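Lettering of chains follows the sequences in order, A, B, ..., and the numbering in each one begins at 1. Predicted, not measured: the structure shown is a model, and the values here were computed from it.
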There are 2 protein chains.
Amino acid sequence: MTMIQTVAGFFSKNRQIMLYGVSLAMLLFLLKWLELRFLVINHIVEIYTGVLALIFTGLGIWLAVKLIKPEVKTVIVEKEVRVMSDGNFSVNEAEMSRFGLSKRELEVLELIAAGLSNQDIASRLFVSLNTVKTHSSRLFEKLEVKSRTQAVEKAKRLSLIR
Amino acid sequence: MTMIQTVAGFFSKNRQIMLYGVSLAMLLFLLKWLELRFLVINHIVEIYTGVLALIFTGLGIWLAVKLIKPEVKTVIVEKEVRVMSDGNFSVNEAEMSRFGLSKRELEVLELIAAGLSNQDIASRLFVSLNTVKTHSSRLFEKLEVKSRTQAVEKAKRLSLIR
DNA sequence: AACGAAATCACCCGAAAGTATGAATCCGAA
DNA sequence: TTCGGATTCATACTTTCGGGTGATTTCGTT
(Lines give C-alpha, C1' and ligand atoms only; values in the text may rest on other atoms or scores of the structure.)
Protein backbone atom coordinates (compact mmCIF):
# COMPACT_ATOMS: atom_id res chain seq x y z
CA MET A 1 0.00 0.00 0.00
CA THR A 2 1.44 3.38 -0.98
CA MET A 3 1.39 6.48 1.12
CA ILE A 4 -1.12 8.09 -1.23
CA GLN A 5 -3.42 5.19 -0.78
CA THR A 6 -2.95 5.33 2.96
CA VAL A 7 -3.98 8.98 3.05
CA ALA A 8 -6.92 8.36 0.74
CA GLY A 9 -8.00 5.45 2.85
CA PHE A 10 -7.80 7.58 5.96
CA PHE A 11 -9.98 10.30 4.60
CA SER A 12 -12.38 7.84 3.09
CA LYS A 13 -13.21 6.72 6.57
CA ASN A 14 -15.64 9.61 6.93
CA ARG A 15 -17.23 8.37 10.08
CA GLN A 16 -13.98 8.64 11.93
CA ILE A 17 -13.41 12.20 10.74
CA MET A 18 -16.95 13.15 11.68
CA LEU A 19 -16.58 11.65 15.07
CA TYR A 20 -13.32 13.45 15.48
CA GLY A 21 -14.87 16.83 14.60
CA VAL A 22 -17.95 16.37 16.73
CA SER A 23 -15.89 15.27 19.67
CA LEU A 24 -13.70 18.31 19.37
CA ALA A 25 -16.65 20.69 19.12
CA MET A 26 -18.36 19.17 22.11
CA LEU A 27 -15.17 19.34 24.07
CA LEU A 28 -14.71 23.04 23.33
CA PHE A 29 -18.25 23.73 24.42
CA LEU A 30 -17.69 21.81 27.59
CA LEU A 31 -14.49 23.65 28.30
CA LYS A 32 -16.09 27.04 27.73
CA TRP A 33 -18.88 26.11 30.07
CA LEU A 34 -16.47 24.88 32.70
CA GLU A 35 -14.37 28.00 32.37
CA LEU A 36 -17.35 30.15 33.25
CA ARG A 37 -18.26 28.24 36.33
CA PHE A 38 -15.69 26.14 38.14
CA LEU A 39 -12.17 26.12 36.79
CA VAL A 40 -9.76 28.61 37.96
CA ILE A 41 -8.37 30.86 35.29
CA ASN A 42 -4.72 30.31 36.00
CA HIS A 43 -4.98 26.53 35.44
CA ILE A 44 -7.18 26.46 32.40
CA VAL A 45 -4.32 25.90 29.96
CA GLU A 46 -2.83 22.93 31.78
CA ILE A 47 -6.20 21.29 32.21
CA TYR A 48 -7.12 21.93 28.62
CA THR A 49 -3.84 20.51 27.43
CA GLY A 50 -4.15 17.42 29.59
CA VAL A 51 -7.67 16.67 28.48
CA LEU A 52 -6.71 17.14 24.84
CA ALA A 53 -3.71 14.88 25.30
CA LEU A 54 -5.80 12.11 26.82
CA ILE A 55 -8.51 12.34 24.21
CA PHE A 56 -6.21 12.37 21.23
CA THR A 57 -3.92 9.72 22.59
CA GLY A 58 -6.99 7.55 22.95
CA LEU A 59 -8.06 8.46 19.45
CA GLY A 60 -4.64 7.55 18.12
CA ILE A 61 -4.74 4.20 19.84
CA TRP A 62 -8.22 3.55 18.54
CA LEU A 63 -7.11 4.43 15.00
CA ALA A 64 -4.06 2.21 15.23
CA VAL A 65 -6.06 -0.76 16.46
CA LYS A 66 -8.50 -0.24 13.64
CA LEU A 67 -5.90 0.18 10.94
CA ILE A 68 -3.29 -2.38 11.80
CA LYS A 69 -3.64 -5.43 9.62
CA PRO A 70 -3.68 -8.72 11.45
CA GLU A 71 -0.65 -10.84 10.82
CA VAL A 72 -1.54 -13.88 8.79
CA LYS A 73 0.00 -17.09 9.89
CA THR A 74 -0.31 -20.08 7.58
CA VAL A 75 -0.21 -23.53 9.07
CA ILE A 76 0.02 -26.48 6.74
CA VAL A 77 -1.57 -29.60 8.12
CA GLU A 78 -0.89 -32.88 6.44
CA LYS A 79 -4.09 -34.82 6.09
CA GLU A 80 -3.84 -38.49 5.35
CA VAL A 81 -6.09 -39.72 2.61
CA ARG A 82 -6.42 -43.41 2.23
CA VAL A 83 -6.42 -44.53 -1.36
CA MET A 84 -6.78 -47.87 -2.98
CA SER A 85 -3.53 -49.68 -3.33
CA ASP A 86 -2.88 -48.74 -6.91
CA GLY A 87 -2.32 -52.27 -8.11
CA ASN A 88 0.90 -51.44 -9.86
CA PHE A 89 2.44 -54.65 -8.75
CA SER A 90 1.99 -57.39 -11.30
CA VAL A 91 0.32 -60.70 -10.71
CA ASN A 92 2.10 -63.22 -8.61
CA GLU A 93 4.25 -65.22 -10.99
CA ALA A 94 5.31 -67.70 -8.33
CA GLU A 95 1.75 -68.73 -7.50
CA MET A 96 1.00 -68.65 -11.18
CA SER A 97 3.12 -71.66 -11.99
CA ARG A 98 2.02 -73.42 -8.82
CA PHE A 99 -1.45 -73.95 -10.19
CA GLY A 100 -0.35 -74.44 -13.78
CA LEU A 101 -3.07 -72.27 -15.26
CA SER A 102 -2.82 -71.93 -19.01
CA LYS A 103 -2.89 -68.55 -20.72
CA ARG A 104 -6.46 -69.00 -21.85
CA GLU A 105 -7.63 -70.21 -18.48
CA LEU A 106 -6.17 -67.17 -16.81
CA GLU A 107 -7.91 -64.99 -19.35
CA VAL A 108 -11.23 -66.61 -18.55
CA LEU A 109 -10.55 -66.28 -14.85
CA GLU A 110 -10.00 -62.55 -15.19
CA LEU A 111 -13.25 -62.10 -17.08
CA ILE A 112 -15.10 -64.19 -14.52
CA ALA A 113 -13.65 -61.92 -11.82
CA ALA A 114 -14.90 -58.92 -13.76
CA GLY A 115 -18.42 -60.25 -13.27
CA LEU A 116 -19.07 -61.49 -16.79
CA SER A 117 -21.28 -64.50 -17.49
CA ASN A 118 -19.98 -67.47 -19.43
CA GLN A 119 -21.90 -66.30 -22.49
CA ASP A 120 -20.37 -62.81 -22.21
CA ILE A 121 -16.92 -64.33 -21.97
CA ALA A 122 -17.58 -66.52 -24.99
CA SER A 123 -18.56 -63.48 -27.04
CA ARG A 124 -15.61 -61.50 -25.78
CA LEU A 125 -13.11 -64.21 -26.67
CA PHE A 126 -14.86 -65.22 -29.90
CA VAL A 127 -15.30 -68.80 -28.78
CA SER A 128 -18.33 -70.94 -28.04
CA LEU A 129 -20.10 -71.15 -24.71
CA ASN A 130 -18.98 -74.75 -24.40
CA THR A 131 -15.37 -73.71 -24.71
CA VAL A 132 -15.70 -71.23 -21.90
CA LYS A 133 -17.33 -73.89 -19.77
CA THR A 134 -14.47 -76.24 -20.45
CA HIS A 135 -11.90 -73.62 -19.53
CA SER A 136 -13.73 -72.62 -16.39
CA SER A 137 -14.19 -76.23 -15.30
CA ARG A 138 -10.52 -76.93 -15.78
CA LEU A 139 -9.42 -73.85 -13.93
CA PHE A 140 -11.77 -74.72 -11.09
CA GLU A 141 -10.07 -78.09 -10.88
CA LYS A 142 -6.64 -76.50 -10.87
CA LEU A 143 -7.58 -73.96 -8.26
CA GLU A 144 -9.38 -76.65 -6.30
CA VAL A 145 -12.60 -74.68 -6.04
CA LYS A 146 -16.17 -75.54 -6.90
CA SER A 147 -17.61 -72.27 -8.23
CA ARG A 148 -16.68 -69.08 -10.03
CA THR A 149 -17.13 -67.01 -6.86
CA GLN A 150 -14.70 -69.20 -4.97
CA ALA A 151 -12.29 -69.01 -7.86
CA VAL A 152 -12.41 -65.21 -7.83
CA GLU A 153 -11.98 -65.11 -4.07
CA LYS A 154 -8.97 -67.40 -4.12
CA ALA A 155 -7.38 -65.81 -7.17
CA LYS A 156 -7.63 -62.34 -5.67
CA ARG A 157 -6.41 -63.51 -2.31
CA LEU A 158 -3.35 -65.09 -3.91
CA SER A 159 -2.84 -62.15 -6.28
CA LEU A 160 -3.21 -64.38 -9.28
CA ILE A 161 -5.29 -61.54 -10.60
CA ARG A 162 -5.67 -57.97 -9.36
CA MET B 1 17.88 -10.44 8.22
CA THR B 2 20.17 -7.66 7.08
CA MET B 3 20.16 -4.12 8.37
CA ILE B 4 18.72 -2.91 5.10
CA GLN B 5 15.86 -5.29 5.37
CA THR B 6 15.31 -4.33 8.99
CA VAL B 7 15.12 -0.64 8.16
CA ALA B 8 12.93 -1.28 5.16
CA GLY B 9 10.67 -3.44 7.24
CA PHE B 10 10.43 -0.75 9.88
CA PHE B 11 9.41 1.88 7.36
CA SER B 12 6.94 -0.38 5.67
CA LYS B 13 5.39 -1.44 8.92
CA ASN B 14 5.09 2.10 10.27
CA ARG B 15 3.86 3.98 7.24
CA GLN B 16 1.05 5.53 9.23
CA ILE B 17 3.45 6.71 11.91
CA MET B 18 5.66 8.23 9.28
CA LEU B 19 2.71 9.93 7.70
CA TYR B 20 1.70 11.53 10.96
CA GLY B 21 5.22 12.64 11.68
CA VAL B 22 5.74 14.21 8.29
CA SER B 23 2.34 15.85 8.45
CA LEU B 24 3.18 17.29 11.82
CA ALA B 25 6.49 18.70 10.68
CA MET B 26 4.94 20.28 7.63
CA LEU B 27 2.17 21.77 9.71
CA LEU B 28 4.62 23.32 12.15
CA PHE B 29 6.54 24.87 9.31
CA LEU B 30 3.36 26.23 7.86
CA LEU B 31 2.29 27.64 11.18
CA LYS B 32 5.61 29.38 11.71
CA TRP B 33 5.40 30.85 8.30
CA LEU B 34 1.82 31.98 8.83
CA GLU B 35 2.59 33.40 12.23
CA LEU B 36 5.13 35.68 10.71
CA ARG B 37 2.65 37.05 8.22
CA PHE B 38 -1.05 36.70 8.99
CA LEU B 39 -2.02 34.75 12.01
CA VAL B 40 -0.98 35.99 15.31
CA ILE B 41 -2.39 35.95 18.77
CA ASN B 42 -6.06 35.81 17.89
CA HIS B 43 -5.76 32.27 16.48
CA ILE B 44 -3.33 30.84 18.95
CA VAL B 45 -5.89 28.61 20.68
CA GLU B 46 -7.02 26.88 17.52
CA ILE B 47 -3.48 26.31 16.36
CA TYR B 48 -2.42 25.05 19.74
CA THR B 49 -5.37 22.68 19.80
CA GLY B 50 -4.60 21.35 16.32
CA VAL B 51 -0.96 20.82 17.11
CA LEU B 52 -1.80 19.07 20.33
CA ALA B 53 -4.31 16.90 18.53
CA LEU B 54 -1.78 15.85 15.95
CA ILE B 55 0.94 15.19 18.46
CA PHE B 56 -1.12 13.10 20.79
CA THR B 57 -2.92 11.26 18.06
CA GLY B 58 0.51 10.31 16.76
CA LEU B 59 1.56 9.35 20.25
CA GLY B 60 -1.50 7.18 20.63
CA ILE B 61 -0.83 5.40 17.38
CA TRP B 62 2.79 4.90 18.29
CA LEU B 63 1.84 3.50 21.65
CA ALA B 64 -0.68 1.17 20.14
CA VAL B 65 1.73 -0.13 17.54
CA LYS B 66 4.42 -0.62 20.13
CA LEU B 67 2.35 -2.16 22.85
CA ILE B 68 -0.45 -4.05 21.19
CA LYS B 69 0.37 -7.58 20.14
CA PRO B 70 -0.44 -8.11 16.49
CA GLU B 71 -3.45 -10.31 16.07
CA VAL B 72 -2.39 -13.59 14.59
CA LYS B 73 -4.75 -14.94 12.03
CA THR B 74 -4.14 -18.64 11.52
CA VAL B 75 -4.95 -20.15 8.16
CA ILE B 76 -5.00 -23.90 8.10
CA VAL B 77 -4.25 -25.45 4.76
CA GLU B 78 -4.95 -29.14 4.50
CA LYS B 79 -2.48 -31.00 2.35
CA GLU B 80 -3.51 -34.41 1.13
CA VAL B 81 -0.93 -37.11 1.50
CA ARG B 82 -1.47 -40.33 -0.33
CA VAL B 83 -0.84 -43.48 1.63
CA MET B 84 -1.26 -47.08 0.70
CA SER B 85 -4.44 -48.60 1.99
CA ASP B 86 -3.65 -51.37 4.39
CA GLY B 87 -7.20 -52.67 4.46
CA ASN B 88 -7.73 -51.65 8.07
CA PHE B 89 -10.35 -49.04 7.31
CA SER B 90 -13.92 -50.13 7.75
CA VAL B 91 -16.54 -50.38 5.06
CA ASN B 92 -17.71 -47.27 3.34
CA GLU B 93 -20.63 -45.97 5.40
CA ALA B 94 -21.53 -43.29 2.89
CA GLU B 95 -21.98 -45.73 0.03
CA MET B 96 -23.65 -48.08 2.46
CA SER B 97 -26.67 -45.89 2.94
CA ARG B 98 -26.70 -45.00 -0.73
CA PHE B 99 -27.82 -48.50 -1.64
CA GLY B 100 -29.96 -49.03 1.42
CA LEU B 101 -28.77 -52.55 2.09
CA SER B 102 -30.25 -54.09 5.21
CA LYS B 103 -28.08 -55.73 7.84
CA ARG B 104 -29.02 -59.23 6.71
CA GLU B 105 -28.49 -58.42 3.05
CA LEU B 106 -25.02 -57.14 3.79
CA GLU B 107 -24.30 -60.31 5.73
CA VAL B 108 -25.35 -62.43 2.77
CA LEU B 109 -23.30 -60.26 0.45
CA GLU B 110 -20.20 -60.84 2.52
CA LEU B 111 -20.69 -64.59 2.49
CA ILE B 112 -21.28 -64.55 -1.24
CA ALA B 113 -18.01 -62.65 -1.62
CA ALA B 114 -16.32 -65.31 0.47
CA GLY B 115 -17.25 -67.79 -2.24
CA LEU B 116 -20.03 -69.63 -0.43
CA SER B 117 -22.99 -71.09 -2.29
CA ASN B 118 -26.52 -70.14 -1.33
CA GLN B 119 -26.91 -73.47 0.45
CA ASP B 120 -23.71 -72.84 2.41
CA ILE B 121 -24.93 -69.41 3.39
CA ALA B 122 -28.28 -70.83 4.46
CA SER B 123 -26.54 -73.33 6.74
CA ARG B 124 -24.19 -70.69 8.09
CA LEU B 125 -27.01 -68.29 8.94
CA PHE B 126 -29.43 -71.01 10.10
CA VAL B 127 -32.08 -70.01 7.61
CA SER B 128 -33.62 -71.77 4.65
CA LEU B 129 -32.23 -71.73 1.14
CA ASN B 130 -35.25 -69.75 0.02
CA THR B 131 -34.50 -67.02 2.51
CA VAL B 132 -30.96 -66.68 1.23
CA LYS B 133 -32.30 -66.49 -2.30
CA THR B 134 -34.70 -63.74 -1.31
CA HIS B 135 -31.95 -61.75 0.36
CA SER B 136 -29.56 -62.18 -2.54
CA SER B 137 -32.21 -61.26 -5.08
CA ARG B 138 -33.05 -58.09 -3.18
CA LEU B 139 -29.44 -57.08 -2.79
CA PHE B 140 -28.86 -57.66 -6.49
CA GLU B 141 -31.72 -55.31 -7.19
CA LYS B 142 -30.35 -52.70 -4.84
CA LEU B 143 -26.84 -52.98 -6.24
CA GLU B 144 -28.26 -53.02 -9.76
CA VAL B 145 -26.39 -56.16 -10.77
CA LYS B 146 -27.52 -59.42 -12.28
CA SER B 147 -25.30 -62.02 -10.67
CA ARG B 148 -23.37 -62.78 -7.49
CA THR B 149 -20.04 -62.28 -9.24
CA GLN B 150 -21.04 -58.80 -10.37
CA ALA B 151 -22.30 -58.03 -6.88
CA VAL B 152 -18.96 -59.02 -5.39
CA GLU B 153 -17.07 -57.01 -7.99
CA LYS B 154 -19.13 -53.87 -7.38
CA ALA B 155 -19.21 -54.23 -3.61
CA LYS B 156 -15.45 -54.58 -3.42
CA ARG B 157 -14.87 -51.73 -5.84
CA LEU B 158 -17.06 -49.44 -3.75
CA SER B 159 -15.62 -50.73 -0.45
CA LEU B 160 -19.01 -51.89 0.72
CA ILE B 161 -17.10 -54.94 1.81
CA ARG B 162 -13.41 -55.57 2.08
C1' DA C 1 -53.00 -49.92 18.24
C1' DA C 2 -51.49 -49.11 13.59
C1' DC C 3 -47.97 -48.95 10.37
C1' DG C 4 -44.01 -50.14 7.59
C1' DA C 5 -39.56 -52.16 7.10
C1' DA C 6 -37.08 -56.25 7.76
C1' DA C 7 -36.69 -61.05 7.99
C1' DT C 8 -38.37 -65.40 7.18
C1' DC C 9 -40.10 -69.23 4.16
C1' DA C 10 -42.47 -71.62 0.18
C1' DC C 11 -43.34 -72.88 -4.75
C1' DC C 12 -42.46 -72.59 -9.54
C1' DC C 13 -39.86 -71.71 -13.61
C1' DG C 14 -36.25 -70.51 -16.69
C1' DA C 15 -31.51 -69.33 -17.18
C1' DA C 16 -26.89 -69.97 -15.99
C1' DA C 17 -23.35 -72.63 -14.15
C1' DG C 18 -20.93 -76.71 -13.64
C1' DT C 19 -19.78 -81.93 -14.71
C1' DA C 20 -18.71 -85.67 -17.72
C1' DT C 21 -17.19 -87.46 -21.88
C1' DG C 22 -15.52 -87.42 -26.38
C1' DA C 23 -13.20 -85.43 -30.19
C1' DA C 24 -10.78 -82.33 -33.58
C1' DT C 25 -7.09 -79.03 -34.36
C1' DC C 26 -2.92 -76.55 -33.49
C1' DC C 27 1.68 -75.89 -31.92
C1' DG C 28 6.03 -76.25 -29.60
C1' DA C 29 9.42 -79.50 -27.83
C1' DA C 30 11.75 -83.83 -27.90
C1' DT D 1 8.06 -86.40 -37.07
C1' DT D 2 5.98 -87.70 -33.08
C1' DC D 3 4.16 -86.60 -28.64
C1' DG D 4 1.73 -83.93 -25.27
C1' DG D 5 -0.33 -79.87 -23.81
C1' DA D 6 -3.41 -76.26 -25.11
C1' DT D 7 -7.40 -74.87 -27.38
C1' DT D 8 -11.54 -75.56 -29.43
C1' DC D 9 -16.23 -77.49 -29.77
C1' DA D 10 -20.19 -80.66 -28.98
C1' DT D 11 -23.83 -83.29 -26.49
C1' DA D 12 -26.01 -84.61 -22.45
C1' DC D 13 -26.97 -84.19 -17.80
C1' DT D 14 -27.22 -82.23 -12.91
C1' DT D 15 -27.00 -78.53 -9.89
C1' DT D 16 -27.20 -73.90 -8.73
C1' DC D 17 -28.73 -69.42 -9.38
C1' DG D 18 -31.97 -65.80 -9.96
C1' DG D 19 -36.75 -63.87 -10.86
C1' DG D 20 -41.46 -63.59 -9.59
C1' DT D 21 -45.14 -64.00 -6.43
C1' DG D 22 -47.22 -64.44 -2.13
C1' DA D 23 -47.37 -65.19 2.80
C1' DT D 24 -46.20 -64.89 7.84
C1' DT D 25 -43.82 -63.02 11.73
C1' DT D 26 -41.11 -59.84 14.21
C1' DC D 27 -39.91 -55.41 15.65
C1' DG D 28 -39.32 -50.54 16.11
C1' DT D 29 -41.73 -46.19 15.33
C1' DT D 30 -45.60 -43.26 15.37
Legend entry - dC9(C) OP1/OP2 closer than 4.0 Å to side-chain N/O of Asn130(B): no
Legend entry - Ser137(A) vs dG18(C): side-chain N/O to OP1/OP2 distance below 4.0 Å: no
State which of [options] makes the closest approach to the side chain of [X].
X: Lys142(A); options: dT8(D), dA6(D), dA16(C); answer: dA6(D)
X: Arg104(A); options: dG18(C), dA7(C), dT8(D); answer: dT8(D)
X: Ser102(B); options: dG18(C), dT8(D), dA7(C); answer: dA7(C)
X: Lys103(A); options: dT7(D), dT19(C), dC17(D); answer: dT7(D)
X: His135(A); options: dG18(C), dT8(D), dG19(D); answer: dT8(D)
X: Thr134(B); options: dT11(D), dC9(C), dG19(D); answer: dC9(C)
X: Ser117(A); options: dA17(C), dA6(C), dT8(C); answer: dA17(C)

Check the distance between [N]'s [atom2] and [X]'s [atom1] and give it to me in whole angstrom.
X: Arg138(A); N: dT21(C); atom1: CZ; atom2: P; result: 14 Å
X: Lys133(B); N: dT21(D); atom1: NZ; atom2: P; result: 16 Å
X: Leu129(A); N: dA12(D); atom1: CG; atom2: P; result: 15 Å
X: Lys146(B); N: dA15(C); atom1: NZ; atom2: P; result: 13 Å
X: Ile112(B); N: dC17(D); atom1: CD1; atom2: P; result: 9 Å
X: Glu141(B); N: dG18(D); atom1: CD; atom2: P; result: 13 Å
X: Phe140(A); N: dT15(D); atom1: CZ; atom2: P; result: 18 Å
X: Leu111(A); N: dA17(C); atom1: CG; atom2: P; result: 13 Å

Legend entry - Toward the 5' end of DNA chain C, by each residue's nearest nucleotide, Thr149(B) or Thr131(B): Thr131(B)
Legend entry - Under 3.5 Å side-chain donor-acceptor pair for Asp120(A) and Ser117(A): yes
Inset, instruction - Using a 4.0 Å heavy-atom cut-off across all strands, classify Ser128(A) as base, sugar-phosphate, or nothing. - result: sugar-phosphate
Inset, instruction - Look at all strands and tell whether Asn118(B) reaches a base, only sugar-phosphate, or nothing, counting heavy atoms closer than 4.0 Å. - result: sugar-phosphate
Legend entry - Contact check, side chains of Ile112(A) and Val152(A), non-hydrogen atoms, under 4.5 Å: yes
Legend entry - Positive for side-chain contact (heavy atoms from CB on, under 4.5 Å) with Leu139(B), one of Leu160(B), Thr134(B), Val145(B), Val108(B): Val108(B)
Legend entry - Short N-O contact, Glu107(A) and Lys103(A), less than 4.0 angstrom: no
Legend entry - Heavy-atom closest pair, residues Leu106(B) and Ile161(B): CD1-CG2, 4.1 Å
